[in-house]
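Working notes, beginning with the structure itself.
Chain identifiers are assigned alphabetically (A, B, ...) following the order of the sequence lines, protein sequences preceding nucleic acid strands; residue numbering begins at 1 within each chain. Because the structure is a prediction, the values reported are computed rather than measured.
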Amino acid sequence: MPELPEVETVRDGLDRLVVGAVVRDVEVFRDYSVRRHDGGPGSFRDQLVGRRLSAAVRRGKFLWLPLGSGVDDDAPAAALLAHLGMSGQLLVRGAGVAPGRDGAAPDDEWRHPHLRVRLHLAGAPSGARYLDFVDQRTFGHLSVQDLVPDGDTTAPPGAPAGYGSDLPVLPAPVAHIARDLLDPSLDLDALVRRVRRRRTQIKRALLDQTVVSGVGNIYADEALWRAQVHWGRPTDRLPAAQVRRVLESAAAVMREALAQGGTSFDDLYVNVNGQSGYFERSLAVYGRENEPCRRCGTLVRRDAFMNRSSFSCPVCQPRPRGLR
DNA sequence: ACCGGTCCCTGTTAGC
DNA sequence: TGCTAACAGGGACCGG
């Protein structure tokens with residue numbers, strides 16, 4: 001499932017392989033994959049054709065490609081916005097990197113069964129010809145969005161709105177998304193205070209993208225295990241040092257995952273080259289119900305939480321009073 | 001303004 | 001074997 005490290009891996013690949021290319025055509029194979037776009041798929045195509053993909057920027061799990069005119073270098077006023085949801089991939093074809101059926105040798109013409117949108121490119125330095133949006137479970141989506149000023153008041157004035165950009169502007173639907181834990185402009189002290197002002201459980205706060213972005217269910221569980229904090233601890237009664245430890249643990253585990261190219265369980269996630277990440281083998285608790293805790297050997301426990309699963313060590317992460 | 005619950009979507013797997 | 005139900009889960013949205 002793409003969380004921050006996986007999306008950053010994709011952003012980096014797009015930066016190297018497709019930035020500089022001009023969009024020549026757009027094919028939308030499934031309308032539902034173009035969402036929250038004014039005017040629908042037809043307008044989506046019209047707003048992309050002839051535009052230059054001028055950068056690759058990320059905040060949390062959102063990714064966008066600011067659109068240049070294709071003629072001059074005026075500051076972009078719009079961007080192609082992508083969210084990968086839980087199974088989205090952006091695959092570059094034509095640069096000899098994206099694999100064919102069943103992971104076979106690179107095949108520039110192959111259409112993945114879950115291909116939802118294809119951008120036809122020209123002029124990419126890498127030789128990329130297509131940018132394919134592939135998404136099995138269709139929680140991911142693409143749109144073209146206006147770029148608006150960043151409303152974040154805790155960052156220095158003029159700070160870049162996302163990783164990979166120099167500009168303090170971002171797509172309108174991302175304006176309410178908080179900075180992520182690997183953002184150099186993040187104010188960690190302000191974030192610790194913000195979390196402690198909430199009246200909720202620590203894991204809910206970690207997963208709330210308007211508080212801090214980029215953390216999903218997997219890295220939330222890993223961070224809480226590292227910090228030895230139970231997911232159900234109330235934020236307003238958690239000491240600042242513990243909140244800080246949770247956040248620093250999340251940043252550390254995501255940095256390590258990024259260094260390994262992201263996490264993959266079942267090839268739903270692949271990077272822009274179509275290769276899986278290798279971080280799964282490093283997970284301490286996520287998906288390890290009834291397996292020994294890597295710290296103390298106690299069997300890892302799974303709880304239903306927010307309509308999903310939470311994995312924790314019953315000994316290293318003692319539950320708060322009043323929670324079953 | 002904040003908070004928690006529900007729904008969107010599809011392929012795989014577990015269970016009867 | 002064939003069907004159904006559960007499951008994976010980020011974020012928009014809505015009601016309190």
Per side chain to side chain donor-acceptor pair (under 3.5 Å), A/Glu27 is matched among A/His120, A/Arg118, A/Arg116 by A/His120

Whole-Å distance between C/dG11 P and A/Leu207 CG? 9 Å

Within the structure, does a side-chain N or O atom of A/His114 lie under 4.0 Å from either OP1 or OP2 of B/dT10? no

Using atom CD of A/Gln145 as one end and atom P of C/dG11 as the other, report the distance to the nearest whole Å. 15 Å

Which of B/dC8, B/dC3, B/dT10 is nearest the side chain of A/Arg199? It is B/dC3

A/Ser309 vs C/dA8: side-chain N/O to OP1/OP2 distance below 4.0 Å: yes

What does A/Arg194 touch in the nucleic acid at a heavy-atom separation under 4.0 angstrom: a base, only the sugar-phosphate, or nothing? nothing

Need one value for A/Phe62: base, sugar-phosphate or nothing, where a base atom within 4.0 Å counts as base even if backbone is also close, heavy atoms only. sugar-phosphate

Protein-nucleotide distance (A/Glu289, atom CD; C/dC7, atom C1'), rounded to Å: 13 Å

Would you please confirm or rule out a distance under 4.0 Å between OP1 or OP2 of C/dG11 and any side-chain N or O of A/His176? no

Answer with base, sugar-phosphate or nothing: what part of the nucleic acid does A/Gly216 contact at a heavy-atom distance below 4.0 Å? sugar-phosphate

A/Gln136 side chain near B/dG11 phosphate (N/O to OP1/OP2, under 4.0 Å): no

Heavy atoms from C-beta onward define the side chain here; which of C/dA8, B/dC3, B/dC9 lies closest to that of A/Tyr32? B/dC9

N or O in side chain of A/Arg30 less than 4.0 angstrom from B/dT10 OP1/OP2: yes

Do A/Gln89 and A/His114 pair up side chain to side chain, a donor and an acceptor below 3.5 Å, judged on atom types alone? no

Are A/His176 and A/Gln209 close enough, and set up right, to give a side chain to side chain contact (heavy atoms under 4.5 Å, CB included), and what steps lead you there? CA-CA 8 Å; A/His176 70 290; A/Gln209 306 296 299; over 6 Å; no

Whole angstroms only, please: what is the CG-C1' distance between A/Asp208 and B/dG5? 14 Å

Checking A/His37 against A/Ser43: is there a side-chain donor and acceptor pair closer than 3.5 Å? yes

Side-chain atoms of A/Lys61 come closest, of B/dT6, C/dG11, B/dT10, to C/dG11

Whole Å only: how far is the CE atom of A/Met86 from the P atom of C/dA8? 9 Å

Can you tell me the distance, in whole Å, between the NE2 atom of A/His141 and the P atom of B/dT10? 15 Å

Quick check for you: among B/dC3, C/dG10, B/dG5, whose closest atom lies nearest to any side-chain atom of A/Arg204? B/dG5

Which other residues belong to the hydrophobic cluster containing A/Ile177, where Ile, Leu, Val, Met, Phe, Trp and Tyr are joined when side-chain heavy atoms lie under 4.5 Å apart, directly or via other members? A/Val57, A/Phe62, A/Trp64, A/Leu81, A/Leu147, A/Val148, A/Leu167, A/Val169, A/Leu170, A/Val174

Let me know, please, whether A/Arg198 or A/Arg308 comes out on the 5' side of the other along DNA chain B by nearest nucleotide. A/Arg198

Please give, in whole Å, the distance from C/dG11 P to A/Leu81 CG? 11 Å

Nucleotide nearest A/Arg36 (side chain, heavy atoms from C-beta), chosen from C/dC13, C/dG10, B/dC9: C/dC13

Shortest side-chain distance from A/His83, nucleotide among C/dA8, B/dG4, C/dG10: C/dG10

Can you tell if the side chain of A/Trp225 reaches within under 4.5 Å of the side chain of A/Ser249, non-hydrogen atoms only? no

Just the rounded figure in Å: distance from P of B/dC8 to CG of A/Asn307. 13 Å

With nearest nucleotide decided by heavy atoms, which residue, A/Met306 or A/Arg197, maps closer to the 5′ end of DNA chain B? A/Arg197

